[in-house]
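Numbers restart at 1 for each chain; the letters A, B, ... are given by sequence-line order, proteins then strands.
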Number of protein chains: 2
Amino acid sequence: MPRKSRAGSDRPTLADVAREAGVSAITVSRAIRSPGIVSQKARAKVEEAVRKLGYTPDPAASALASRSTSTIGLLVPSLTNNVFSDVLRGVYDGAQDTRFFIQIGNYRYSALEEEGLIRAFLSQRPAGMIVSSRDQTDAARALLEQASCPIVQIMETSDDAVDMCVGFDQLASVRAGAEHLRACGYRRLGFLSARMDPRARRRLEAFRDAASAAGLHDEARIVTTPLPSSVGLGRQLLEQLLDRAPDTDAVMCNNDDLAVGALMEARARNIDVPRELGICSYNDIEMARQMVPSLSAVATPRREIGSRAIAMLLAEIESPGSVSERRVDLGFAMMARGSTSPR
Amino acid sequence: MPRKSRAGSDRPTLADVAREAGVSAITVSRAIRSPGIVSQKARAKVEEAVRKLGYTPDPAASALASRSTSTIGLLVPSLTNNVFSDVLRGVYDGAQDTRFFIQIGNYRYSALEEEGLIRAFLSQRPAGMIVSSRDQTDAARALLEQASCPIVQIMETSDDAVDMCVGFDQLASVRAGAEHLRACGYRRLGFLSARMDPRARRRLEAFRDAASAAGLHDEARIVTTPLPSSVGLGRQLLEQLLDRAPDTDAVMCNNDDLAVGALMEARARNIDVPRELGICSYNDIEMARQMVPSLSAVATPRREIGSRAIAMLLAEIESPGSVSERRVDLGFAMMARGSTSPR
DNA sequence: AGCATAAATGACAGCGCAATCATTATCTGA
DNA sequence: TCAGATAATGATTGCGCTGTCATTTATGCT
């Protein structure tokens with residue numbers, strides 16, 4: 001029962017509006033794009049005609065003629081990961097009420113897919129791009145470097161950014177977590193991590209360094225898996241850790257899902273948190289804070305990263321070269337809560 | 001330190017490729033879009049030239065000439081809500097390896113914003129649209145009805161769909177939850193709900209009906225708030241419920257965040273779940289299943305909705321009128337777990 | 001009033017591609 | 001072998017808009 005008419009769209013064009021308003025097409029174009037440079041009178045006539053005909057500009061024609069679009073590309077490695085849904089929200093909120101559209105690409109933690117998406121996005125002549133990693137393939141990085149639009153790399157602050165970047169010091173943030181556990185008096189520190197993408201790997205490395213520096217490093221207490229993160233996986237990883245090293249007295253988790261899972265597993269085993277086992281989470285989504293006991297966590301500025309990134313991009317699109325602070329560090333915070341305690 | 005070259009993009013065009021390959025422009029166009037209708041020889045020459053020049057088609061020019069794009073619009077009321085991030089994933093997975101792009105619009109539970117987004121999206125001549133509600137404004141609905149592309153409404157099965165729809169019976173799903181609690185022997189049923197959008201409201205109504213039918217309705221046990229849902233809010237709502245009606249013996253939550261919050265609040269108060277208080281969740285995201293005790297829940301097919309919606313859309317775009325099942329009910333499932341038990 | 005300047009408007013071409021129709025090469029079977 | 005088909009290719013045109021430059025009209029100043 002096909003029922004929609006696939007009517008050949010005969011929507012009004014600029015020329016139609018121009019005829020209706022008794023001005024030229026280009027004046028209509030200007031009245032719409034930069035009302036300031038058109039006389040009061042002409043503008044009023046155009047507005048009236050637009051309303052009467054129900055005119056909407058054709059973005060494709062505009063893009064072709066002007067060689068630029070109002071699309072902003074946003075590349076993320078995952079859509080389900082809470083981290084990126086927060087970033088996304090920041091970006092969307094910042095793009096609200098502007099003429100720009102956000103187009104999301106999900107490269108599923110695959111650098112190759114990322115490269116393909118970068119290529120595809122750039123071929124659209126986007127107004128700007130936000131990319132979530134600094135771990136592109138060489139080809140992808142070259143594409144970004146040649147791109148004729150501003151680009152923001154998010155999540156990490158790095159010195160070799162393609163254009164601009166906003167994030168925080170991932171390594172320092174993990175060190176802060178490890179240091180917190182040490183300061184609480186925990187001495188046999190474990191580390192749980194899923195999905196070993198480059199960023200997770202760097203954080204693990206930072207943990208190793210921090211633990212080593214404190215004389216608390218024990219490789220047997222580091223449990224990782226390439227599987228995507230989930231609460232259930234957090235339970236499994238803690239199980240593995242306790243099988244392997246039952247005397248572990250605290251565990252740092254590479255994200256909140258794992259930490260919540262670890263907390264649940266501890267509860268299922270009647271392990272007292274924080275007395276018998278300290279748990280430190282990473283990212284600090286709302287859920288983690290609301291657990292019982294509340295999870296201590298390294299809080300990361302996910303939403304702020306999104307909103308700052310889009311703000312920088314919009315400013316740079318507006319007037320190229322105007323953004324002076326091209327490398328922004330938003331920092332992080334160690335939130336000490338009930339899942340860890342001084343002993 | 002502005003440093004990106006804003007080079008005037010002088011990328012190769014179809015004509016350049018044609019010259020390089022020694023064929024006409026239109027042959028290049030065909031070799032790329034429908035290789036089947038071009039001779040082996042010509043195709044090979046074109047492919048070689050494309051590779052050599054690094055040609056990528058300009059989507060704007062294509063859109064203008066063909067009067068259609070490869071964009072699929074997806075309108076959701078929220079980006080953070082787990083429900084929609086699952087839907088999103090289904091949609092993106094289904095669009096993978098097709099020529100289509102997904103463009104997300106977030107209307108933040110505002111019908112007016114939704115209308116604006118529908119207008120903006122349709123002006124782009126999308127290949128198709130997926131919209132998340134059946135509660136559009138009249139103007140928005142009219143726009144959708146006049147649209148010249150296929151449209152899928154998701155989340156609910158309804159008889160008055162604009163074009164196609166895929167979802168499940170929201171009312172029956174809530175009834176199943178209420179019935180589960182009743183069957184377990186709980187008799188003083190509460191209901192927690194946040195963000196009273198139209199869908200949440202309908203579900204609350206369904207709960208009232210079901211409870212009434214079973215002789216278990218007590219308006220004092222229904223606690224709602226317009227605030228956006230969160231785990232913390234779940235804790236607060238349970239607190240309010242127990243203040244108001246301490247003898248409540250089971251609670252149905254309108255989503256998983258609230259249910260997890262309720263579970264945590266119960267734990268903080270040393271209320272035994274499921275013996276003293278049964279908790280039934282709604283949606284059944286992974287986290288809910290991994291709680292201790294594991295949350296009983298009405299499982300909704302969120303990801304399947306996304307993948308089915310995109311599949312229907314793609315089929316209909318490919319050959320209009322080919323989709324015969326234009327109203328798809330994916331059902332739901334009552335998952336009985338540890339947070340409720342027969343008594 | 002007269003000139004210089006700025007503000008406002010318009011004519012025209014072309015962005016890169018695909019639809020349309022016309023043409024040429026290739027194949028089929030009696 | 002040749003008509004009659006089909007497959008493969010091409011020339012032309014225009015999609016709807018904006019950049020460019022030319023032109024007209026308004027404004028300020030002496």
Side-chain angles (χ1 to χ4, degrees), chain A residues 6-47 49-50 53-71 99 122-125 127 148, chain B residues 6-47 49-50 53-71 99 122-125 127 148:
Chain A
R6 295 287 139 66
S9 53
D10 40 0
R11 14 185 265 195
T13 71
L14 260 195
D16 297 328
V17 177
R19 201 173 314 118
E20 178 73 26
V23 297
S24 72
I26 187 66
T27 298
V28 176
S29 176
R30 283 195 276 248
I32 291 170
R33 287 184 301 156
S34 21
I37 64 168
V38 159
S39 70
Q40 192 75 40
K41 211 173 52 178
R43 201 188 318 156
K45 282 190 294 184
V46 169
E47 278 166 6
V50 163
L53 299 180
Y55 170 77
T56 10
D58 182 330
S62 168
L64 184 58
S66 70
R67 304 162 142 276
S68 74
T69 66
S70 297
T71 300
R99 64 187 186 88
L122 288 178
S123 78
Q124 291 187 57
R125 310 176 185 279
S148 53
Chain B
R6 294 287 137 69
S9 52
D10 41 0
R11 17 185 262 193
T13 70
L14 261 196
D16 296 328
V17 177
R19 200 173 314 116
E20 177 72 26
V23 297
S24 72
I26 188 65
T27 298
V28 176
S29 176
R30 285 197 274 248
I32 290 169
R33 288 183 301 154
S34 22
I37 65 169
V38 157
S39 70
Q40 192 74 41
K41 213 173 50 180
R43 200 188 317 156
K45 282 190 295 185
V46 169
E47 279 166 6
V50 164
L53 300 180
Y55 170 77
T56 13
D58 183 330
S62 168
L64 184 57
S66 71
R67 304 164 140 275
S68 74
T69 66
S70 297
T71 299
R99 66 188 183 87
L122 287 179
S123 79
Q124 291 189 56
R125 309 177 186 279
S148 54

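With sequence neighbours excluded, the residues forming a side-chain hydrogen bond (donor to acceptor under 3.5 Å, both in side chains) with S70(A) are R99(A), listed by chain and number. Scanning for side chain to side chain contact (heavy atoms under 4.5 Å, CB included) contacts around T56(A) gives S123(B), with sequence neighbours left out.
The separation between D16(B) atom CG and dC15(C) atom C1' is 13 Å, rounded to whole Å. As rounded to whole Å, 12 Å separates atom C1' of dC17(D) from atom CZ of R11(A). One interatomic measurement links the two molecules: CD of Q124(B) to C1' of dC15(D), which rounds to 17 Å at whole-angstrom precision. Atom CG in D58(B) sits about 17 Å away from atom P in dC17(D), given to the nearest Å. Straight-line distance from the CG atom of L64(B) to the P atom of dA19(C): 12 Å, rounded to whole Å. One atom, CZ of R125(B), and another, C1' of dC17(C), lie 14 Å apart when rounded to the nearest Å.
For the residue pair T13(B) and Y55(B), the shortest heavy atom distance occurs at C-CE1, 3.6 Å. Of all heavy-atom pairs between A63(A) and T69(A), the closest is CB-CG2, 3.6 Å.
An OP1 or OP2 oxygen of dG10(C) is reached within less than 4.0 angstrom by a side-chain nitrogen or oxygen of S24(A). The phosphate of dG10(C) (OP1 or OP2) has a side-chain N or O of T27(A) nearer than 4.0 angstrom.
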**OP:** Quick one, give me the B/S/- string for nucleotides 18-27 of chain D, reading 5' to 3', where B means a protein heavy atom under 4.0 Å from the base and S means that only happens at the primed atoms, P, OP1 or OP2.
**Re:** BB--------
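Of the residues listed (R125(B), R67(B), Q124(B)), the one engaging D58(A) in a side-chain hydrogen bond (donor to acceptor under 3.5 Å, both in side chains) is R125(B), and it is the only one.
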What donor-acceptor contacts under 3.5 angstrom involve side-chain atoms of residues 40-47 of chain A, with partners at least two apart or in another chain?
{"from": "R43(A)", "atom 1": "NE", "to": "P35(A)", "atom 2": "O", "distance (Å)": "3.3"}
{"from": "R43(A)", "atom 1": "NH2", "to": "V38(A)", "atom 2": "O", "distance (Å)": "3.3"}

Side-chain donor-acceptor pairs under 3.5 Å in residues 19-31 of chain A, sequence neighbours left out?
{"from": "R19(A)", "atom 1": "NH1", "to": "D16(A)", "atom 2": "OD1", "distance (Å)": "3.3"}
{"from": "E20(A)", "atom 1": "OE2", "to": "K52(A)", "atom 2": "NZ", "distance (Å)": "2.8"}
{"from": "S24(A)", "atom 1": "OG", "to": "T27(A)", "atom 2": "N", "distance (Å)": "3.4"}
{"from": "S24(A)", "atom 1": "OG", "to": "T27(A)", "atom 2": "OG1", "distance (Å)": "3.1"}
{"from": "S29(A)", "atom 1": "OG", "to": "R33(A)", "atom 2": "NE", "distance (Å)": "3.2"}
{"from": "S29(A)", "atom 1": "OG", "to": "R33(A)", "atom 2": "NH2", "distance (Å)": "3.2"}

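Within residues 39-46 of chain B, no residue has any heavy atom closer than 4.0 Å to DNA chain C.
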